[in-house]
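Accompanying notes for the structure given below.
Quick caveat: nothing in here was measured; it's all calculated off a predicted structure.
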There are 2 protein chains.
Amino acid sequence: MAIPFDVLAEPSRRQILDLLLERPRLVGELTEHLGLTQPGTSKHLRVLREAGLVRVRRDAQRRWYELCPEPLAEVDAWLAPYRRLWTDRLDALERHLDTMPELAEVTGGPEPPDAPDAPPDAPPDPPDGEAP
Amino acid sequence: MAIPFDVLAEPSRRQILDLLLERPRLVGELTEHLGLTQPGTSKHLRVLREAGLVRVRRDAQRRWYELCPEPLAEVDAWLAPYRRLWTDRLDALERHLDTMPELAEVTGGPEPPDAPDAPPDAPPDPPDGEAP
DNA sequence: CAGCTATATAACCGCAAGGGCATGAAAGCG
DNA sequence: CGCTTTCATGCCCTTGCGGTTATATAGCTG
């Protein structure tokens with residue numbers, strides 16, 4: 001449990017980050033929003049802290065937790081090559097619809113073009129994909 | 001185990017997606033690259049399939065797995081508001097360094113500005129953040 | 001048909017993560 | 001000083017996941 005991917009797998013932790021996106025928060029405040037016990041919240045905060053996703057500011061007994069978004073850049077970096085793919089498809093669809101607006105009826109999705117690169121044995125084009 | 005966040009938490013599954021990013025692949029091929037057993041690979045592929053991240057094409061006994069990047073858009077959407085944050089900071093840093101290049105020495109990171117919004121009790125500015 | 005190849009499924013196991021309770025620690029307040 | 005507030009830690013328990021082995025299924029090949 002160290003890289004942001006694991007951290008983000010937890011809905012409560014994503015929610016914490018979403019809450020901290022607005023403003024710094026106290027543990028009690030977060031606990032209230034999350035609907036779990038205070039130790040539970042503290043545990044998640046510990047994970048977030050160790051992942052470098054949050055920062056603590058002490059104020060007497062209270063702890064102000066604030067966001068540290070930098071580690072998310074790693075996720076964003078991993079996502080980058082994939083982002084091209086679906087934006088390309090959406091752009092193509094948009095252009096297509098823009099070209100012929102009288103046929104603006106979309107049934108399924110645009111059929112992806114065949115594999116650009118040739119694997120050891122070229123994948124053929126069977127009639128159906130999956131029919132249990 | 002349904003939304004892409006959980007799926008991406010697994011290194012092997014990210015690796016599968018990375019491999020499928022180049023071209024469609026057979027299960028055996030993926031198994032080889034992953035360094036785990038064939039049933040293990042099939043299990044991960046099942047998860048990816050149910051998450052809508054991959055698609056199967058049958059060719060006799062073989063199965064060509066190909067990428068389906070669309071569900072990743074959800075991750076990207078969640079990430080969007082955070083992306084602004086770190087790009088803003090980096091931009092600010094760049095501008096700063098660009099303004100005074102003779103002081104181009106970075107020690108830690110740029111000190112984040114104080115909380116923009118005022119919580120119920122305004123978080124003060126204690127001398128130190130955390131010193132165990 | 002038998003036999004081989006390629007993949008999926010089932011059954012099982014170990015381990016770690018999430019959640020709760022009880023407690024400890026730090027710091028204000030009467 | 002004790003009491004209260006605010007949070008962190010230490011156990012305990014349960015669940016689910018990732019991994020492996022063994023078996024079933026589908027389809028080619030001889």
Taking B:Y82 for its side chain and A:E70 for its backbone only, find out whether a donor-acceptor pair lies under 3.5 Å. no
Report the end-to-end axis angle of the helix from C:dC1-D:dG30 to C:dG30-D:dC1; each axis comes from five terminal pairs, and the value is rounded to 10°. 0°
Can you check the B:R62 CZ to D:dA26 P distance for me, whole Å? 19 Å
Kindly check if the number of other-residue, nucleotide or ligand heavy atoms within 6.0 Å of CD (B:E32) is above 12? no
Grab the CG-C1' distance between B:L30 and C:dA6 for me, whole Å please. 13 Å
Which pairs with one or both residues in residues 3-41 of chain A pass ring-ring contact (aromatic ring centres under 6.0 Å, His included), sequence neighbours excluded? A:F5-A:W78
Hey, does the side chain of B:Y65 come within less than 4.0 Å of C:dA8's phosphate (OP1/OP2), counting only N and O? yes
Which residues pass the salt bridge (charged side-chain N to carboxylate O under 4.0 Å, His left out) test with A:R46, sequence neighbours left out? A:E50
Hey, can you pull the residues of residues 34-43 of chain B with a non-hydrogen atom under 4.0 angstrom from DNA chain C? B:Q38, B:P39, B:S42, B:K43
Specify the separation, in whole Å, of atom CG of B:D6 and atom C1' of D:dT15. 15 Å
Side chain to side chain contact (heavy atoms under 4.5 Å, CB included) with A:A73: which residues, sequence neighbours excluded? B:W86
Are OP1 or OP2 of C:dT9 and a side-chain N or O of B:R46 less than 4.0 angstrom apart? yes
Please tabulate, one pair per line, each protein N/O and nucleotide N/O from nucleotides 27-30 of chain C that are separated by under 3.5 Å, including the distance.
unit_1 : atom_1 : unit_2 : atom_2 : d
C:dA27 : OP1    : A:R58  : NH2    : 3.4
C:dG28 : O4'    : A:Q61  : NE2    : 3.2

Over all atoms of both residues, closest heavy-atom pair of B:R25 and B:L19: NE-O, 3.1 Å
So, is B:H44 near the phosphate of D:dC17, with a side-chain N or O under 4.0 Å from OP1 or OP2? no
Treating B:R57 as the side-chain partner and B:W64 as the backbone partner, does any N or O pair qualify as donor plus acceptor under 3.5 Å? no
Length of the line joining B:E50:CD and C:dT9:C1', which is rounded to integer Å: 13 Å
Return the value, rounded to whole Å, for the distance between atom CD1 of B:I16 and atom P of C:dT7. 13 Å
